[in-house]
Number of protein chains: 2
Amino acid sequence: MQQIRLAVDAIIFGYKEMELYVLLIQQKFGSQNSYWALPGGLVKEDESLIDAVKRELQEETNVKVNYLEQLYTFGDDITRDPRNRVVSVAYFGLVDPTKLILKADTDADNVAWVKIKNVPNLAFDHNEMITKAIMRLKDKLTYKPIGFGLLPEKFLFSELENLYTTILEKEIDRRNFRKKMLSFGIIEETEEFANKKSGRPAKLYKFKYSEYQKLERDGYHFEIKFA
Amino acid sequence: MQQIRLAVDAIIFGYKEMELYVLLIQQKFGSQNSYWALPGGLVKEDESLIDAVKRELQEETNVKVNYLEQLYTFGDDITRDPRNRVVSVAYFGLVDPTKLILKADTDADNVAWVKIKNVPNLAFDHNEMITKAIMRLKDKLTYKPIGFGLLPEKFLFSELENLYTTILEKEIDRRNFRKKMLSFGIIEETEEFANKKSGRPAKLYKFKYSEYQKLERDGYHFEIKFA
DNA sequence: ACATTTTGTGTAACTCATACACAAAATTAA
DNA sequence: TTAATTTTGTGTATGAGTTACACAAAATGT
C-alpha cells in the first residue's frame with residue numbers, strides 16, 4: 001500500500017519600491033522548528049490542489065493573490081522531507097503591494113515578506129523552489145503580461161518600468177519600453193494623477209485585462225525584450 | 001490520515017513521415033477495461049517521480065526516450081479516477097522514429113503508436129493530458145531545439161523542415177528556415193548521403209548537442225518562428 | 001532524352017529594434 | 001521669486017533581422 005504524502009507549497013512574490021519580496025512563514029512549533037519556510041501543507045482528501053494552496057495561504061498568511069499558477073512538482077528527492085516521503089506540488093503567485101500587509105501573527109506562525117536577496121536557508125528544498133520560481137517569473141515576464149499582478153490596479157508607467165528592470169536586472173530605455181508596451185493596446189491611460197513628493201506629475205495607467213484576453217484569443221503574441 | 005494516491009503518466013511523441021504519433025496502451029484486464037490510456041501507474045514508496053515514469057515506460061511499452069520533462073500535475077478534478085483519489089504527475093517525452101517499433105504485446109497490454117489525429121476517447125483525463133502536451137510541444141519547438149528528439153541521429157534537412165511544418169501546422173520558406181537554423185551553429189553537415197527513391201541526393205545532418213549546451217551557457221537564445 | 005522529384009542557393013524590400021537628448025511640470029532650497 | 005532638483009514625456013535616424021521570392025542541379029523513372 002502506497003504511503004506517499006502529497007503537499008502543496010506556494011512561492012508568492014510581492015513587489016514594492018524596486019524590491020522583489022517573497023512570502024515566508026515560520027512555524028513556532030514542529031520538527032523543523034526555527035526554520036523559515038514557504039507557506040504550504042498537506043492536501044486534504046476531498047480537496048483540489050489549487051484549493052489546497054489557497055486554503056493554506058489563507059490559513060497561514062491571510063494573503064490573497066492576483067495570480068497563481070502551478071510551477072513544478074518536487075518529488076525526485078525521496079528524502080526532501082526527512083520525516084516522510086512527501087511529494088509537493090509548488091505553485092507560484094503574485095500579489096500587489098496594497099496586500100503587502102500581513103495579519104497579526106497567529107499563535108502558531110510568524111509571517112513575513114522577505115526581500116529576495118535576503119532569503120535565509122529555508123526548510124526542506126524550499127530554496128530550490130524559490131530559485132525555480134524566480135526563473136519562471138523572469139521568463140514569463142517577457143512573454144506574458146503577468147507583471148501587472150505585482151502592481152496596484154492603477155500604477156505609474158515608471159513603476160511598471162522599474163518592475164521590469166528590478167526583476168530582470170537589466171537596463172531599459174524608457175522611450176522604447178513605453179513605445180513597445182503601448183503598442184499592444186493593453187494599457188489604458190486614466191485621467192488621474194499620482195501624488196508624488198517630487199518631480200513632474202504623472203498620469204496613472206491601468207492594465208486592460210479584457211483587451212489582453214482578446215489579443216490572446218486572436219493568437220497575438222505579447223513579448224517584451226531588452227538588449 | 002491522507003489516502004491520496006500518487007501516479008505518473010507519460011505522453012510520448014513519435015514522428016515519422018509527416019505524422020505525429022503518441023504512445024498508448026490498452027490494459028487487457030482491469031476496471032477501465034477496453035479503454036486505451038497513456039502509459040503510467042502508481043509511484044513506489046522509495047522511487048523518484050522520474051524513475052517511476054521510466055519504469056512504467058519500460059514495463060508497459062519497452063520504449064526508451066530521447067527527451068523527457070515534467071509537464072503538469074493533474075489533481076484538481078477529485079474524481080479524475082473514479083475509483084480513488086489519484087493525483088498524477090504527467091511527463092512529456094520524445095522518441096526518434098528508429099524506436100517506433102514496439103515489443104510484442106505482453107500478456108497484459110496492447111501497445112500502439114497512434115496518430116495524433118486519430119486518438120480515441122481515452123481513460124481518465126488522458127485526452128486532456130495529450131492536449132496539454134501538444135501545446136507544450138508546439139510552444140517549446142519554437143524556443144528550444146527539442147525537435148531533434150523526434151529525429152534519428154542523422155537526418156535530412158527536409159525532414160527537419162517537415163517536422164516543423166507538421167507539428168506547428170504552418171508553412172515555412174525553405175531558404176529562410178535553413179538560413180535561420182544554420183545560423184545557430186548547432187547543426188553539422190555530414191559527408192553521408194541518404195538513399196532516397198527520387199529527387200536530387202541530399203546530405204545528412206547532425207544535431208550538435210554539445211554546441212547547443214555551450215550556447216545556452218552563454219545565455220544565447222534559440223528561437224525559430226514563422227509568418 | 002524527357003518528365004518528374006527533391007535539393008540547394010542569394011538578394012532586395014521592409015519591418016522592427018535600438019540608440020539617443022531635451023523640454024515640461026512640479027517641488028524644494030536658496 | 002528665482003534657481004536647482006526631480007521625474008515625466010516625447011521623435012527620429014540607423015542598423016539588424018525577417019520576409020518574400022525563383023531557378024538551376026542532381027538524381028530516378030518512363
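None of these values were measured; they are calculated from a predicted model.
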For the [atom1] atom of [X] and the [atom2] atom of [Y], what is their distance to the nearest 0.5 Å?
X: B:F155; Y: B:E161; atom1: CZ; atom2: CD; result: 12.5 Å
X: B:I12; Y: B:L68; atom1: CD1; atom2: CG; result: 5.5 Å
X: B:K144; Y: B:E216; atom1: NZ; atom2: CD; result: 4.0 Å

Check your understanding: Can a donor-acceptor pair be found between the side chains of A:Y67 and A:E69 at a distance below 3.5 Å?
Key -> yes
Point to revise | Basic-acidic side-chain contact under 4.0 Å: B:K138, B:E169 | key: yes
Review point. Any salt bridge between B:E59 and B:R55, counting N to O under 4.0 Å?
Key: yes
Nearest whole Å is fine: how far is [N] [atom2] from [X] [atom1]?
X: B:F193; N: D:dA27; atom1: CZ; atom2: P; result: 8 Å
X: A:R175; N: D:dG11; atom1: CZ; atom2: P; result: 10 Å
X: B:M181; N: D:dT18; atom1: CE; atom2: P; result: 13 Å
X: A:D173; N: D:dT12; atom1: CG; atom2: P; result: 16 Å
X: B:K170; N: D:dA20; atom1: NZ; atom2: P; result: 12 Å
X: B:K203; N: D:dA26; atom1: NZ; atom2: P; result: 12 Å
X: A:N162; N: D:dT6; atom1: CG; atom2: C1'; result: 14 Å
X: B:K196; N: D:dT28; atom1: NZ; atom2: P; result: 10 Å

Study note, to complete from the structure: With a 4.0 Å cut-off (strictly under) to non-hydrogen atoms of chain B, the first and last hit nts on DNA chain C, 5' to 3', are C:dT5 to C:dT11
Exercise for review: Hey, which sits more toward the 5' end of DNA chain C by its nearest nucleotide, A:E223 or B:G199?
Suggested key: B:G199
Check your understanding: On DNA chain C, nearest-nucleotide positions of B:P201 versus A:N176: which is more 5'?
Key -> B:P201
**Study point:** Upstream residue (5' side of DNA chain D) when B:K197 and B:K225 are each assigned their closest nucleotide
**Key:** B:K225
Review point. Mapping A:L182 and B:K180 onto DNA chain D by nearest heavy atom, which one lands closer to the 5' end?
Key: A:L182
Practice item. Ignoring hydrogens and angles, answer whether the base of D:dT19 and the side-chain atoms of B:K179 contain a donor-acceptor pair closer than 3.5 Å. Key: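 Check passes, donor-acceptor contact within cut-off.
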Review point. Got a donor-acceptor contact below 3.5 angstrom from the B:H126 side chain to the B:A37 backbone?
Key: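 No, the answer is negative, given that no donor and acceptor are paired below the 3.5 Å cut-off.
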